[in-house]
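Working notes, beginning with the structure itself.
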Amino acid sequence: MLDPAILKDNLEDLELNISRRDLKIDINLLISLNDERKSLRFDAEQKRSQQKELGKQIANANENEKEELLDKASELSNEVKLLFEEVDKRDEEFFNLWVKIPNLISKTSPDGKSDQDNLEIKKVGNVKDISSPKDHLEIATKLNLLDVEKASEVSGSRFAYLFGDLVKIEFNLVSWALNKLSEKGFTPTVPPVLVRENALYGTGFFPDDAEQVYEIPNDDLYLVGTSEVPLAALHTNEIINLEELPLRYAGFSTCFRREAGTYGKDTTGIFRVHQFDKVEMFSFCSPEKSEKEHEFILSVEEELLQSLEIPYRVVDVCAGDLGASAAKKYDIEAWIPSQNTYREVTSCSNTTSFQARRLNIRAKSEGETKVLHTLNGTAIAVGRILIALIENNQTEDGNVKFSNKVAEIIGVKNLGQ
RNA sequence: GGAGGGAUGGCCGAGCGGACGAAGGCGAUAGUCUUGAAAACUAUUGUAUGUAUUCCAUACCGUGGGUUCGAAUCCCACUCCCUCCGCCA
């Protein structure tokens, strides 16, 4: 959520943002609603003040005066009640519209309408020349390390069984990543994966992306699609000393996504599934330093991929392709030989004060308290990293062989043998 | 799942219908005293919003509703914590 004060003191930025995101929003309506609710509140508070004053008189009045004062107070009480009901109504009306306003896009993010317009920043690593590469599903199924058919019988489409070496690699990857992140100041965290509505609302997944979230209606809980949600919500309603920032967490969790509206998209293997494991970085940081923190998180992501010798490119996501909460976002796309293209394996966003304002997380220094900034980034999305590892290291005979350096990290030299 | 008890400022803890944004203590900050420090004493010490910039108004005593002229205080619902029983990785 943006600070409504922007309606008063920085309308140009708001208008620019709306046009960059290609949205149609009636700003004048927002301005007048905001002004109305404020002035109504002022009136109501004045009346309330009178009421309190009168209450004090009643407490000190003698019997004769009391009767008359009570009549007056009763009337006033009614007026105040009605006024505040009106104020609440206006507030609701305003904020229902206001929460839908997406975050201000960074001046440094490229313009554009869709992922076609994302800006490639760099390419790193050597793409191996593989003649007629197989996809990860074929390779891993043949090696008895993956079974999506059985999974679809048991759980439906977009689920998978991982076996043997793939599981070994997963746990090695996770523990290796957590160790690396720990050295960089991220506290390893296993967060809850079931959360209340408020955590999803606070992180900006609600109301916009509600259709992607699994719901447990009996208990009013939701399965998180990323540990970003419980990590962000960890410090809800807190005021953190500026010197303690940045607070960095590395969350490991299973992620659940409904993938609604993706029928027919990425149906092969485990690229797009309802359930996968992920190590996620999350930072709470001062507003002044969030741009630097964003670059830092990106650099960590790159370091991990470089260690795994996965060829990738970095993309600066354009205005039209940014989610509601992000001010700026970098995606890293790994080379996927079977698709002959780069596909997203990590994503890091600077959400500036957008989530922190909704979650009411502030930073305090020398008397001044202000909303802080939050950032998130993928460290290891296990499924997609497995795909990249398998496909980029396949041999002509349908096996997979890793370099000594990579084998040292993942604990496997020749897959499935 | 069953039976009870509780939630008040950074912390402890009083208040149980008007004088309460809230006693008292601890902690913190500043000052007095001291060569310096400690002790003692004095003062300050929550957050947010507003048509308010050292003033003023309003809201906040777990959360949301209700009763009342008036609610931290009474009523209802919810959340969380504690104790006991049962179950359980």
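Model, not experiment: these values are computed from the prediction. In what follows, chains are A, B, ... by sequence order, proteins preceding strands, each numbered from 1.
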Legend entry - Salt-bridge present (A:D35, A:K8; N to O < 4.0 Å):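 No, no charged N to carboxylate O under 4.0 Å.
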Legend entry - Salt-bridge contact A:D111-A:R20 (side-chain N to carboxylate O under 4.0 Å):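 The answer is yes: the pair qualifies as a salt bridge.
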Legend entry - Footprint string (nucleotides 69-81 of chain B, 5' to 3'): B base within contact, S backbone only, - free, heavy atoms under 4.0 Å: BS--------SS-
Inset, instruction - Would you check if A:I380 and A:L308 make a side-chain contact, meaning some heavy-atom pair closer than 4.5 Å? - result: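 Yes, side chains in contact.
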Legend entry - Candidates B:U47, B:U51, B:A57 - which lies nearest the side chain of A:K364: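 Of the candidates, B:U47 comes closest.
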Inset, instruction - Counting heavy atoms from C-beta on, name the nucleotide in B:U47, B:U51, B:U67 closest to the side chain of A:S39. - result: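 Looking only at heavy atoms from C-beta outward on A:S39, the closest nucleotide is B:U51.
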Residue list, salt bridge (Lys or Arg N to Asp or Glu O under 4.0 Å) with [X], at least two apart or on another chain:
X      : answer
A:E333 : A:R313
A:R37  : A:D91
A:K47  : A:E79
A:E280 : A:K278

Inset, instruction - Give a yes/no on whether any side-chain N or O of A:S49 is located under 4.0 angstrom from OP1 or OP2 of B:U58. - result: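 A:S49 to B:U58 OP1/OP2: side-chain N or O found under 4.0 Å.
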Grab the [atom1]-[atom2] distance between [X] and [N] for me, whole Å please.
X      : N     : atom1 : atom2 : result
A:N34  : B:U49 : CG    : P     : 13 Å
A:K8   : B:U49 : NZ    : P     : 13 Å
A:L83  : B:A59 : CG    : P     : 14 Å
A:D91  : B:G50 : CG    : C1'   : 12 Å
A:F84  : B:U49 : CZ    : C1'   : 11 Å
A:N360 : B:U49 : CG    : C1'   : 13 Å
A:I239 : B:G46 : CD1   : P     : 12 Å
A:Q50  : B:U58 : CD    : P     : 11 Å

Legend entry - Under the side chain to side chain contact (heavy atoms under 4.5 Å, CB included) test, residues paired with A:S325 that sit two or more places apart: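 Only A:T351, A:F354, A:Q355 meet the side chain to side chain contact (heavy atoms under 4.5 Å, CB included) criterion with A:S325.
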Inset, instruction - Using side chain to side chain contact (heavy atoms under 4.5 Å, CB included) as the criterion, list what pairs up with A:I101, not counting sequence neighbours. - result: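 By the side chain to side chain contact (heavy atoms under 4.5 Å, CB included) rule, A:I101 matches A:L2, A:L14, A:I25, A:L30, A:W98.
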Inset, instruction - Examine A:H136 together with A:F271 and report whether their ring centres are nearer than 6.0 Å. - result: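 That pair fails the under 6.0 Å test.
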Legend entry - is_close_aromatic(A:F205, A:Y222), centroid dist under 6.0 Å: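 No, too far apart.
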Please list, pair by pair, any protein nitrogen or oxygen found under 3.5 Å from a nitrogen or oxygen in nucleotides 7-12 of chain B.
none

Inset, instruction - Taking side chain to side chain donor-acceptor pair (under 3.5 Å) as the test, write out the residues that go with A:K370, two or more places apart. - result: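 Residues passing side chain to side chain donor-acceptor pair (under 3.5 Å) with A:K370: A:E288.
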Legend entry - By side chain to side chain donor-acceptor pair (under 3.5 Å) - contacts of A:H274 (at least two apart):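 Checked A:H274 against side chain to side chain donor-acceptor pair (under 3.5 Å); matches are A:Y214.
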Considering only the [atom1] atoms, how many Å lie between [N] and [M], rounded to the nearest integer?
N     : M     : atom1 : value
B:U29 : B:G46 : P     : 15 Å
B:C82 : B:U8  : P     : 14 Å
B:G4  : B:G10 : C1'   : 32 Å
B:G5  : B:G21 : C1'   : 28 Å
B:G1  : B:A14 : P     : 32 Å
B:C76 : B:U67 : P     : 15 Å
B:A19 : B:U34 : C1'   : 42 Å
B:C26 : B:C84 : C1'   : 33 Å

Legend entry - Closest-nucleotide ordering on RNA chain B, the 5'-leading residue of A:K370 and A:K81: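 Its nearest nucleotide lies further toward 5', so the answer is A:K370.
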Inset, instruction - Using a 4.0 Å heavy-atom cut-off across all strands, classify A:K72 as base, sugar-phosphate, or nothing. - result: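 No contact.
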Inset, instruction - Just need the stems in RNA chain B: three or more back-to-back Watson-Crick or G-U pairs, each with both distances under 3.5 angstrom, sorted by first number. - result: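 Stem list for RNA chain B: B:1-7 with B:79-85, B:10-12 with B:24-26, B:27-32 with B:40-45, B:46-50 with B:56-60, B:62-66 with B:74-78.
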At a cut-off of 3.5 Å, list every protein nitrogen or oxygen paired with a nitrogen or oxygen from nucleotides 20-22 of chain B, distance to 0.1 Å.
none

Inset, instruction - Is it possible for you to check whether A:R384 lies under 6.0 Å from the centre of the six-membered ring of A:F276, through NZ or CZ, and within 45° of that ring's axis? - result: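 Relative to the ring axis of A:F276, which defines the angle, A:R384 lies outside at least one limit.
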Legend entry - Heavy-atom pair with the smallest gap, counting every atom of A:D117 and A:K113: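 Distance-wise, the nearest heavy atoms are OD2-N, 2.7 Å.
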